[in-house]
Amino acid sequence: MRFFKKLVLFTILILLAAAAAVGGRLFFQGYQIYRQVTEETPLSRKVEEIRANPHYTTLDELPQTYKDAVVAVEDSRFYEHCGFDIISTARAVFINLKEGELAEGGSTITQQLAKNMYFTQEKKFLRKVAELFVAFDLERDYTKDEILELYLNTIYFGSGYYCVYDAAEGYFGKKPSEMTDYESTLLAGIPNAPSVYSLTNSPRLAAQRQKTVLECMVEQKYLTQEQADAILSEGEVQQAGEGAQS
């Protein structure tokens, strides 16, 4: 019996050592990818290229409701973590194991920005590791508000809109600063799955996603339930007015 216990313990140690070796190798390969892409195009140059866009929109030009909505639904601990959120990652791992596929990403806003700047949307482990190193660089060199601002100017909103300015113009015919609370919360939900929630293709699904955004905002105390209900009512009035005009 004692021999059997020792054998089991020895086997577990061997498996842990093997897992550590494989993990270390993958981590090193991810680091090499990170080094390659940032040496080809330094982070500061990438940021300059984004800010050079004529439609680049600063945080000051965005409604507070929109900014709150994005943080609430995309990365609730954005202002607390250092670019990597262990809680969201653990939740994503659990969901992925349960679903048997990469159904949940768990990426922070900083990681998503890193991906938009350097990598493809393909879910590969080595890319995720390289993305994490870029995220740490972003957190080191830029403030949280700067990271959020860059993120909102690089995300895809569906229908060919690749920044918040183009999305506001394309979907609502107005500048981002002119968006109502209803439009702000509607737009905030789209980047989660642009092809699914595009207002051009799936307004009904976009409206369902908006309700999730508002639920997150209420849960995280950005809004009261009464304010969230008022925003939805505002949308109904707005849609009724647009229908009467058409």
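Values reported hereafter were calculated over all heavy atoms of this structure, with side chains retained and with hydrogens, waters and symmetry mates removed. Sequential numbering from 1 along the given sequence is applied to the chain's residues. Treat the numbers as computed from the prediction; the structure is a model and nothing was measured.
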Side chain [X], main chain [Y], donor-acceptor under 3.5 Å:
X	Y	answer
S202	R204	no
T185	Y182	yes
N201	Y197	no
Q111	A135	no
S76	E74	no
S233	D229	yes
N153	I50	no
S177	L62	no
S184	T180	yes
E61	T58	yes

Which atom of [X] lies closest to which atom of [Y], heavy atoms considered:
X	Y	answer
I109	V70	CD1-CG1, 4.3 Å
Y118	V37	CE2-O, 3.5 Å
V213	A69	CG1-CB, 3.8 Å
F84	F136	CB-CE2, 4.1 Å
A167	L187	CB-CD1, 3.8 Å
Y161	D166	CD2-O, 3.6 Å

Can you tell me how far apart [atom1] ([X]) and [atom2] ([Y]) are? Round to the nearest 0.5 Å.
X	Y	atom1	atom2	answer
D68	K221	CG	NZ	14.5 Å
R45	E40	CZ	CD	10.0 Å
L150	L138	CG	CG	7.5 Å
Q64	D181	CD	CG	10.5 Å
Q225	L214	CD	CG	8.5 Å
L223	C216	CG	SG	11.0 Å

Are I155 and L205 grouped together when hydrophobic residues (ILVMFWY) are joined by side-chain heavy atoms under 4.5 angstrom apart?
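Same cluster: I155 reaches L205 through Ile, Leu, Val, Met, Phe, Trp or Tyr contacts under 4.5 Å.
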With a 4.5 Å cut-off on side-chain heavy-atom distances among I, L, V, M, F, W and Y, is there a chain of contacts connecting L113 to L59?
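L113 clusters together with L59.
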Does R51 have more than 12 heavy atoms from other residues, nucleotides or ligands lying within 6.0 Å of its CZ?
yes
Electrostatic pair K128:E131 at N-O distance under 4.0 angstrom:
yes
Does any part of the side chain of [Y], heavy atoms only, come nearer than 4.5 Å to the side chain of [X], both counted from C-beta?
X	Y	result
L126	I33	yes
E215	V73	no
H81	K144	yes
F78	I147	yes
M117	E49	no
Y142	S44	yes
K175	E169	yes
M217	T65	yes

Quick one, Y56 with Y165, criterion side chain to side chain contact (heavy atoms under 4.5 Å, CB included). Give me CA distance, side-chain angles, the key distance, then yes/no.
CA-CA 7 Å; Y56 186 84; Y165 184 97; over 6 Å; no
Is there a side chain to side chain contact (heavy atoms under 4.5 Å, CB included) between F157 and L199 once you walk through the steps?
CA-CA 9 Å; F157 291 87; L199 293 178; over 6 Å; no
Among T110, N116, T108, V164, find the one that has a side-chain contact (heavy atoms from CB on, under 4.5 Å) with Y151.
N116
Apply side chain to side chain contact (heavy atoms under 4.5 Å, CB included) to K46 and T38, showing your working.
CA-CA 9 Å; K46 281 284 188 180; T38 53; over 6 Å; no
Residue pair N53 / Y162, side-chain donor-acceptor N/O under 3.5 Å:
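No - no donor-acceptor pair under 3.5 Å links their side chains.
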Side chain to side chain contact (heavy atoms under 4.5 Å, CB included) between I190 and R209: does it pass, once the steps are laid out?
CA-CA 8 Å; I190 295 176; R209 174 66 177 169; over 6 Å; no
